Each structure stands twice: as C-alpha cells, then as structure tokens.
S.K.: 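Here it is, the structure, as structure tokens.
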Amino acid sequence: MSATLAAWLATHQPTILEHWRAALVADGANSLAEPATLGALYAAIVEAARDSALNDATWLPLARQSAGDQGLVQLLALPAALRRACWQVAGSTARPTRSLALLSELDGLLDRLCAGLAQRYEQELARSLQQRLEEAEFMTTQLAMASEEADAAALRISRLYAFSQALSRSLNLQDLIATIGQELQAALGADRCAIWLCAEEHVVHAHSWGYAHPLPVRQYALHDRSLVPQALQRSEPWVLEAPCAEQDGGWIDPNAAVLALPLIAGDHRLGVIIVQSGQRSFAAEQTALAQSLANQAALALESAGLYDQLKRLNAELEQRIEERTRELRTERDRLDLLFTVSSTVSSTLDVDQMLGELLQILRQRLRINHGSVMLLDAETAQLEQRATLGARPAGITRLPLGVGIAGWVAQHATPLLVEDVRRDPRWVAPESDAPYHKQGGSLLAVPLIASDEVLGVLQVSHPDVGHFTQEHLRLLTVIANEAAVAIHNAALYRYISDQATQLAAMVRAERASSSRSQAILQSIADGVIVCDCDGQVILANPASARILDQPLEELFLQNLHDVLQGLDLSGPERAPLRAVLEAPLDDGQPRQFRARFRSGPRTIDMTLGPVLTEGGDLLGGVATLRDISREIEADRLKTEFIGTVSHELRTPMTVIKGYLQLLTLPSTGELSPFQQQLVTTIAANAERMTSLINDLLDITKIESGSVELEFKPIDVARAIDLAVSGQQALLEQRNHRLTLEVAPDLPPILADGARFHQVLDNLLSNAIKYTHRGGQITIRARQVTRADLAPERGQGLASQRPYVAIAISDTGIGIAPEDQERVWERFYRVESELKVEAGGTGLGLALVRSLTRLMGGRVWLESMPGQGSTFTLLLPTA
Ligand code: ADP
C-alpha cells in the first residue's frame, strides 16, 4: 500500500478525527463517537494504509458490539463517516489533486475495511445465533422435565386433595378408618391393607381389607419385636421387601413387599398402616405418596380422637349441668320452703298459731296429711300435743318422756326416720282404728332444740312405707331448728314482757320511795353530799349548801375532793375521801372518817364514809355535815365554868389543908383520939378533893389547849418501877400479886415525864381498885411497829417508827362491851360492886386518853366482864 497515504493520514489525524466524530454525531451514531475508540480505529487504518493488513484485533470488538447491539448498518457508518471526514480535509488542503489520489487510495482501503467488517459481523451473528439456539434447546428440555414433574405433583396433590376431602367428610373414627383404607388401596394399587391403632400399652387391630380370613392377631404389645410395633417406633415409611411372616402371626404375605406407614400427628404416634400390593417392591413415588396420605390420615385420626374426646367432654358437661340444675332447683325449693317457714314462724309470737301455720306449710310442700307438734312440759317431763294436722279428737294428748317415737326423739334429742312404723318397737300402736290415728306407713320425727334445750318434737307421717328420704329428714331438721328458735323467742318474749311489767311496778314503787327519800333528804337539818367513785357530786341537800355557804347548784358542779381540799379539816387523814374510795372497807366494815372544820363562825363535824351496794360494790362516797357550833360553845362554857370553879375551890382547899396541918401540930394542943380521927378523915377527903380539882383543872387545860408538855426521852422500865412503888401501899392493902414483863433493851420513849407518870398511875390504880382482893396485876412492855398491830389500832401511826406498848392487865371485874367506849368519857363511872369502895370521879380515863393523844400515842382497852381488863398504852420511841 501507500506510505504516502499513511503519512497523509498521520499528518491530518487531529483534523480528520474531529471531522469523523462530527460526522458520526451528525449521523446519530453517538455511541460510536468515543474519542478513544475512534483514536484506536484511526491508528489501525493508518497501520493498514502503511502495510495493507487490516488489524482484526482492533475491529473485532466493534464487530461483536455491532452484531449485538447496533447492527451492521450502524457499523458501516464508521468508514462512511471517515471517508466524509477525509474528503473534507483533503478538499481544504493546498494540494487537492494529490489529495484526491490519496483519497481514492483511502477509498480502496475503506472498501476493504467495509468488506472485512461485514464478514466479521456475519461471523459474529452466526456464532451468536448458534449459542441462542443451544440455550433454547436446553430450556425446552428443562421445561419438558418440569412439566412432567408438575404433572406428577399435580396428580399427587389432587390425590391428596381428594383424600383430604374424603377424610373431612366425617369425624367418626370408624368412617375415617374405612375412608383411609379405601383411599390407600386406590392410591397405591394395594390389594391388602391393615390399620393398627395405639390403645394404652398395645397397638390394636382397627380394620383390614383384602384378607381372606380375619387376622389371627388382634393386638401387639408396644415392646413386641413384631413388624407392627417396630414400624410404630419409626418416623419414616418402612419398606420390607422380604417380610418374615411367622414373626407377625402369619397374616403377612411373605412373597410380597410390605409398606409400613407410621401414623404420626405432631408428637403423637397413633398407629401403623400395613400395605401389601403383591409386588416385590414399592417405588419411591409410591412411598412418598403413601407417606403423605398416612400423614393426612394421622391428622384426621387425631382430629377424630380429639373430636371424640370433645364430644365425650361435652356430653359429660351437659350431664353435669343437668345434674347441677336439678340440684339447684331442689336447693331453691328447699330455700324457698325454709324462707316461708322462717317468715311464718317469726311473724307471730303466739306459739299455737305459729305451730298451726307451720304444719299447714309442711302439708302443702311435703304433700303429707298427718303431722303434729308436741312441746315438752319441763315440770311434768311430759310431751304435750300443741298442734296437729288432720282431724283429731278434742282434748290434750300427753306422752311421758321416753315413751313412743316422739318420746324417744325428745329424750335422745336425735332426729329419726322410720320407714315403717309397724316394724319399729318404739311405736305405740293406737288403741282404736279411727282414721285420725296412724295405722302404719312411714314417719319423720325431729326434736325442737334451742339453746341446747329440747323444747318438743315435730312429727310428720305418710301412709306409704318408705315414703320419706334422708333429704326429707335433713330438711325437717332445719325447719325444726327454725321453729324451735321461734318457740324459744316467744317464750323469751313472754318472760321479758312479764319482767317488764314487774319492772315497771318496781320502778313506780322505786320512784315513790325515791321521791320520799328526796323529800326526807331535803328536809333534814344535817348536810348530806353524795359523790360517785370519781368524787363528782351527784347528790346534795340544801342543808349542805347552807353549811358550806355555797349555792346548791354550784355544789353539783364540783368534785367532792376539791370541796374537801378547800376546807381546813382537823382529822388525822389528809385526804379522807381518797382513802375511802380507794379502800372502802376496813376489816370487812365500811371505813369512816370524822373530821371537823370551821365554816365562818360555825364548827362543822363531818363524817365521811363509802356508799356500798348490798353486794359490797362501791358506788361512791357520802359526807354528812353537822353544825356543832352550839355544842362546842356549850362545852366551852362548861369547861370554862369548871375551870373557874376548880380555881375558886383550890384556894379554900389550900386553906383547909393548911389549917388541918396546923391542927395536927403539937403547938395547937393535944387532940383527943376522936378529934384525931375526925381530922384524919377531913384530911383524906381534902386530899381527894384536891386531886379532883387537879383532875378538873387538867381536863379544862387540855380542852382549852393550854397544856404545855415537855417532851424528853424516858426510860420505860424506870417509869413503870416508879409507878409501881407509888401504888405499893395500895397493892399490899388489896393483897394483889404484881408481875412485870418488861422487854430488855426497850428503847426510851419520847414523852412528858410527869404526864406519862400521871397516865401510868391512873391505869395502875384503876387495875388495883377494880380487882377483888388477892387478884393478879401484870404489866408488860415491848417494842412494836404499826405492822404488829391490828389495822384499827395502827390507824394514823407512822409506818416505820418503833413504838413501845405498855399493857396493864388485871383479873378484875371487867367492863361490859356497851360500857367500853363510854368509860373514856368525863365523869362516866360503871355501876359495879366495887364502884363505892374504889371511889373516884370518872375523870381518870378521860385524862389518860387526852394526855396520851397529846403525846402522840394511843390507848385502848380489851375487857371481859368478870374476867378482867387490859389497858394498852402505845407511845412513840425517842
Ligand atoms: P374513876 O375515877 O371512877 O376510876 P376512871 O375514869 O378512871 O374513873 O374510870 C372510869 C370507870 O371505868 C370507872 O369508874 C370504872 O367503872 C371503870 N374502870 C376503869 N378501870 C377499870 C378496870 N381496870 N377494871 C374495871 N373497870 C374499870
């Protein structure tokens, strides 16, 4: 070829390439106008121009691409566009003639190129068509195979569908088994088929087809080594081409293959289907179809089983509902009857009316014509007929407890059902055959019990033997309980209304008595204030308001504790009301406190004690206030008078005693024995007179509060010795024996020496005087504490402090109980055979008590007339 053309092409390459691309774009072949592609093609053309060989490797991809996508026409547009571009460039050069020669050369090259491209295109097209043909053939084969499979599957599906349709027609187990057998036979072309189903520990023959005789084996144990139980353990169909006939009991044909299909639904193994078709084997499709059918059959059998179970449950449920409905109806009737009975028996308190109505209800509801109620008379222990059903003769029927059926029921408090009264030994047969007497049949008798007490018996009877049931007995027992409560309530009501009538009478009487008491209380001159257990004033009379100088209404608003607190009480107890309310009894007797207080110009004597019921229960406290101002004044005047008189008497007595002493002096002259005796008598009487006056003065001093005591420790033993020696002459004169029992180490007492001596002297001289000659006087002294004393003696004493008790006992005339309190009064002397001989003024013991109290002690006496007395003196230790 031409090197010139190659050189020309190389020289004008950029311009030509640009024109080529523009021409291609103008032709609409944009996809070919890629500068890189065009560059490569152009280089190949330059190469071809140089050595005339066209490089296939450059053009081949283009040819393939064109064959695939654009077609030959488009491919041939490339050389055409190049040609146009070269022509344009050649036309624009300076030497067009030379260019024309080159262009014709180029045309030849491009023609070759076109021919080559067409050839290449054809080759590529042929190869591509061949390839597509092969693909189409392959697809056709595949489609044919798929179609075959689809047909087989469709057949299987249609069989399965038909099978499932047949199975869904019934839920009855036997129908299902028959359907399964038929379908399997039809689907597999089987001539024999046997269905075995699990039942607890066995797999049992359910149905079989195609066998000449009934199967010799009806069931296998699950653990048996035979074909059926073994197949049951599998989860896939089992094909046995040479089965062993003996092992299965001889019903399997050993010359034909066996297909054993386990029936499995979910986790449940329901049984096995054994199929034989006379062939030596089963095809895989047959086995697969058989398995699908078996699976369907298993599901249907499971559903049938469940349905069966559901049906059974449903039937059971219906039966239970029916039974429960029956029970509820019975219960409703029972409750209705009980309600009627309950409302009837509680609607009246008239027992006879109530019992009559009760029997009428029983007649209607229990359909009985005879019945009665007998009530127990507690006094006679007899059952008394109170209500009957059916005609009866007039008059009361009585039955002793324990006699007859009613008597037995009442005695044993037990309900009784008698099927046939004639056969019951407890039955008392009627003497007459009157129609109202029960001649036979059955009977119910129940006790009427309320609060554990048998009130009577309720009986109902029926002429038929065995008419009543245990249910009747239970019902009648409940009714009897209702009736018994009503009878009990009626009795209670009678009792309560009797009580209420009595109570009303009592209240009327009480009111009358209370208003009388009120009137008395209002009119008594002494003040009376009653308080409750808290001290709140609940009763006060006008006199108390007057004495306390307060309005009566205000008194009612106060607490007696506060009222007493405001008074300056003189007694030993600081809070007497509290003491009374806290301990109302003292040695079994109501406690009493006495105290005085001043209310303005008046002196009030108050006595405080508990208010107790007859049973000894504390209701509160009562204070009685007495205005003793006049008595006090009279006493004061009396004391003053006695004091004045005593003083006035003392002066002449001193003079008399002085002159008597003068008379006994030798200087006054010798007295005759008679005169001497007169003077002695006068002197003795003057002495007695002086002592009387001294006693009187002491008393007035004590009462006017002007006694001055000088307390100091005193040795008791020495004081007793001193007192005894002072009375020695008198002791000897009356020939008494004296015994001293003074405890050793006795602590000294704290007292006024002279006054203590005066007290001892008084008590000792009394013991000597009021004891017949030759008596026994004993003085005992010991240390005591409050705890050693009787409570009434120790009242008001300090609990821890030691005291000395001096007891002076005699074997004298004694003091009668009624005089024992009075001997402490001033001038009181007991009438006795020794009264004159003993002499005295009756002031001694009054002084003893007053002085002892002033010294902080106590004195008391114990005496038995004719046997002697003991005066005990108690004084605090120092
Ligand atoms: P009197 O001066 O009469 O002795 P008292 O006051 O001492 O007065 O005694 C009052 C009364 O008590 C006596 O009159 C007497 O009757 C009686 N009495 C006192 N002591 C005894 C006693 N030890 N035995 C019997 N009676 C007694």
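Just so you know, ligand 1 is whichever comes first in the structure, and atom 1 is the first atom listed for that ligand. Just so it is clear, the model here is predicted, and its values are computed rather than measured.
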S.K.: For the pair K657 and E687, evaluate salt bridge (Lys or Arg N to Asp or Glu O under 4.0 Å) and give the outcome as yes or no after the intermediate values.
M.R.: CA-CA 8 Å; K657 277 167 77 180; E687 201 51 53; 3.6 Å; yes
S.K.: Given D605, which of R598, R594, R630 fulfils the salt bridge (Lys or Arg N to Asp or Glu O under 4.0 Å) condition?
M.R.: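 When R598, R594, R630 are each tested with D605, the salt bridge (Lys or Arg N to Asp or Glu O under 4.0 Å) holds only for R594.
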S.K.: For a 4.5 angstrom cut-off between non-hydrogen side-chain atoms, does L861 reach T870?
M.R.: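 Side chain of L861 against side chain of T870, heavy atoms only: no contact under 4.5 Å found.
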S.K.: Check whether any side-chain heavy atom of L625 lies under 4.5 Å from a side-chain heavy atom of I529, and answer yes or no.
M.R.: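 Of all side-chain heavy-atom pairs linking I529 with L625, at least one is under 4.5 Å.
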S.K.: Would you indicate whether the side-chain heavy atoms of Q776 and D810 approach each other to under 4.5 Å?
M.R.: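 Contact flag for D810/Q776 side chains = no.
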S.K.: Give every pair made of an N or O atom of ligand 1 and a protein N or O atom lying under 3.5 Å apart, one pair per line with both atom names and the distance to 0.1 Å, or write 'none'.
M.R.:
from, atom 1, to, atom 2, distance (Å)
ligand 1, 2 (O), T841, N, 2.9
ligand 1, 2 (O), G842, N, 3.0
ligand 1, 3 (O), Y770, OH, 3.0
ligand 1, 3 (O), R829, NE, 2.4
ligand 1, 3 (O), R829, NH2, 3.4
ligand 1, 4 (O), N766, OD1, 3.2
ligand 1, 4 (O), Y770, OH, 3.0
ligand 1, 6 (O), G844, N, 3.2
ligand 1, 6 (O), L845, N, 2.8
ligand 1, 7 (O), N766, OD1, 3.3
ligand 1, 7 (O), N766, ND2, 2.9
ligand 1, 8 (O), G842, N, 3.2
ligand 1, 14 (O), Y770, OH, 3.1
ligand 1, 14 (O), R829, NE, 3.4
ligand 1, 16 (O), V830, N, 3.2
ligand 1, 20 (N), N766, ND2, 3.4
ligand 1, 23 (N), D810, OD2, 2.9

S.K.: Of all the heavy-atom pairs spanning T771 and I777, show the shortest one and how long it is.
M.R.: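 Shortest heavy-atom separation between T771 and I777 comes out as OG1-CD1, 4.2 Å.
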